[in-house]
Amino acid sequence: MESSRPNSEGKPASGEDPLARHSLSPRELQQLLEVERQRVPFLAVREPDGALRLIALDSAHADLTLGRQPEMDVPIAWDDEVSALHAELQCRGGEWTILDDGLSRNGTYVNGRRVGARVRLRDGDRIAVGQTTIAFSLGGRERAQTTVAGRAVQVPTLTPTRRRVLVALCRPCKGGSYATPASNQQIADEVFLSVDAVKTHLRALFNDFGLAHLPQNQKRATLAERAMQLGVVGPTELE
């Protein structure tokens, strides 16, 4: 599940967010759509030449190693700041976690926070090892319930494409709750979809977040607010 997309300057691209907006070629977007259909968790990482590598995670192989040695299950061989055995990925009870309890010299970070022990990975998390960024996606799998304001709320699991639509919708709201979410055309321009495709994804998102009953003029703002409140879209994704 790899694509070859050389960096235009010939420089290492592994430190970039592998699923960042505007960084995906049409071929890579098609790859993501194919992976989404499998509905399995996966990792995404860019290699030094800019190629996007997608690594499917199989719960049948619940213990994976990550490090610079080529023998690792997830090898990051090009990054000298990654330890030979840097961290471990483990699936417990259907939930993927990452563990670095002193294995690495330079540490492992999830969304900018250093991993001190086992950390459960959430859909959309970004893992930093050395100078390399790895994106984690649940690939459309269901997530458990969480509680907001004393009531249980089903937090939906989103495909990477639907997540990009949601992040683009929320982007103008990073400065405050009174901002207007992005228009369909703005979203389409950011995620390289047609306006009709954006509308289809938004209708699905309204259903996913239980907002289909709201008046049309309230749905978009409420969706953006709900997504950020539940942590489905984090502040670092809106930069």
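Owing to the predicted nature of the structure, the values given are computational and were not obtained by experimental measurement.
- For the atom pair CZ of R68 and OG1 of T132, the computed distance is 11.5 Å after rounding to the nearest 0.5 Å.
- Remark: Q185 pairs with D189 by the side chain to side chain donor-acceptor pair (under 3.5 Å) rule, at least two apart or across chains.
- The side-chain heavy atoms of L24 and F192, taken from C-beta on, include no pair separated by under 4.5 Å.
- In this structure the side chain of I55 never reaches within 4.5 angstrom of the side chain of I134, judged on heavy atoms.
- The minimum heavy-atom distance linking C170 with A224 is given by the pair SG-CA, 3.6 Å.
- The OG1 atom of T159 lies 8.0 Å from the CG atom of L33; values are rounded to the nearest 0.5 Å.
- No donor-acceptor pair under 3.5 Å is formed between the side chain of D79 and the backbone N or O of G130.
- R46 approaches W78 most closely through the heavy-atom pair O-CZ2, 3.7 Å.
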Next item on the list: Would you check, one step at a time, whether the test side-chain contact (heavy atoms from CB on, under 4.5 Å) holds for D63 with D73?
Entry: CA-CA 9 Å; D63 293 275; D73 299 305; over 6 Å; no
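- In this model, no donor atom of one side chain and acceptor atom of the other lie less than 3.5 Å apart for H201 and T161.
- For the pair R126 (side chain) and G112 (backbone), a donor-acceptor distance under 3.5 Å is absent.
- The two residues G107 and S104 come nearest to each other via the heavy atoms N-OG, 3.0 Å.
- In the hydrophobic clustering of ILVMFWY residues, with side-chain heavy atoms under 4.5 Å counting as a link, W96 and Y109 come out apart.
- The minimum heavy-atom distance linking F42 with P160 is given by the pair CZ-CG, 3.6 Å.
- Side-chain N or O atoms of E28 include one that pairs as donor or acceptor with a backbone N or O of S25 at under 3.5 Å.
- Within the 4.5 Å cutoff, the side chain of V119 has no heavy atoms near those of the T108 side chain.
- Minimum interatomic distance between A182 and A168 (heavy atoms only, all atoms of both residues): CB-O, 3.2 Å.
- Between L89 and L121 the shortest side-chain heavy-atom distance falls below 4.5 Å.
- Note: R122 CZ to S137 OG = 13.5 Å, rounded to the nearest 0.5 Å.
- In terms of the side chain to side chain donor-acceptor pair (under 3.5 Å) criterion, R105 has no residue partners (sequence neighbours excluded).
- For the residue pair P181 and A221, the shortest heavy atom distance occurs at CG-CA, 3.7 Å.
- The shortest side-chain heavy-atom distance between Q186 and R171 does not fall under the 4.5 Å cut-off.
- D125 contributes no side-chain N or O that, together with a main-chain N or O of F136, makes up a donor-acceptor pair within less than 3.5 Å.
- Put simply, V82 and L85 are part of two different groups of oily side chains (I, L, V, M, F, W, Y) that touch within less than 4.5 Å, one to the next.
- Under the 3.5 Å distance criterion, the side-chain polar atoms of R120 are left unmatched by any main-chain donor or acceptor of E95.
- When M72, E71, H86 are each tested for a side-chain contact (heavy atoms from CB on, under 4.5 Å) with T65, only one passes: M72.
- Note that CZ of F206 is 6.0 Å distant from CZ of R220, once rounded to the nearest 0.5 Å.
- The backbone N or O of V45 sits nowhere less than 3.5 Å from a side-chain atom of R53 that would complete a donor-acceptor pair.
- Atoms CD and CG, from E88 and L99 in turn, are 5.5 Å apart once rounded to the nearest 0.5 Å.
- D100 CG to I127 CD1: the interatomic distance, rounded to the nearest 0.5 Å, is 11.5 Å.
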Margin query: Go through it in stages, so that I can follow the logic: the residues are R203 and T200, the test is side-chain contact (heavy atoms from CB on, under 4.5 Å), and I'd like the CA-CA distance, side-chain angles, deciding distance and then a yes or no.
Written below: CA-CA 5 Å; R203 283 194 294 269; T200 298; 3.4 Å; yes
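- In this structure, R163 contributes its side chain and V232 its backbone to a donor-acceptor pair below 3.5 Å.
- For the pair T222/F209, no side-chain contact is recorded, criterion being any heavy-atom separation below 4.5 Å from C-beta on.
- Contact check for L19 versus L32: side-chain heavy atoms found under the 4.5 Å cut-off.
- Counting only heavy atoms from C-beta outward, the side chains of L169 and V165 never approach each other to under 4.5 Å.
- No continuous path of ILVMFWY side-chain contacts below 4.5 Å connects V110 to L103, so the two sit in separate hydrophobic clusters.
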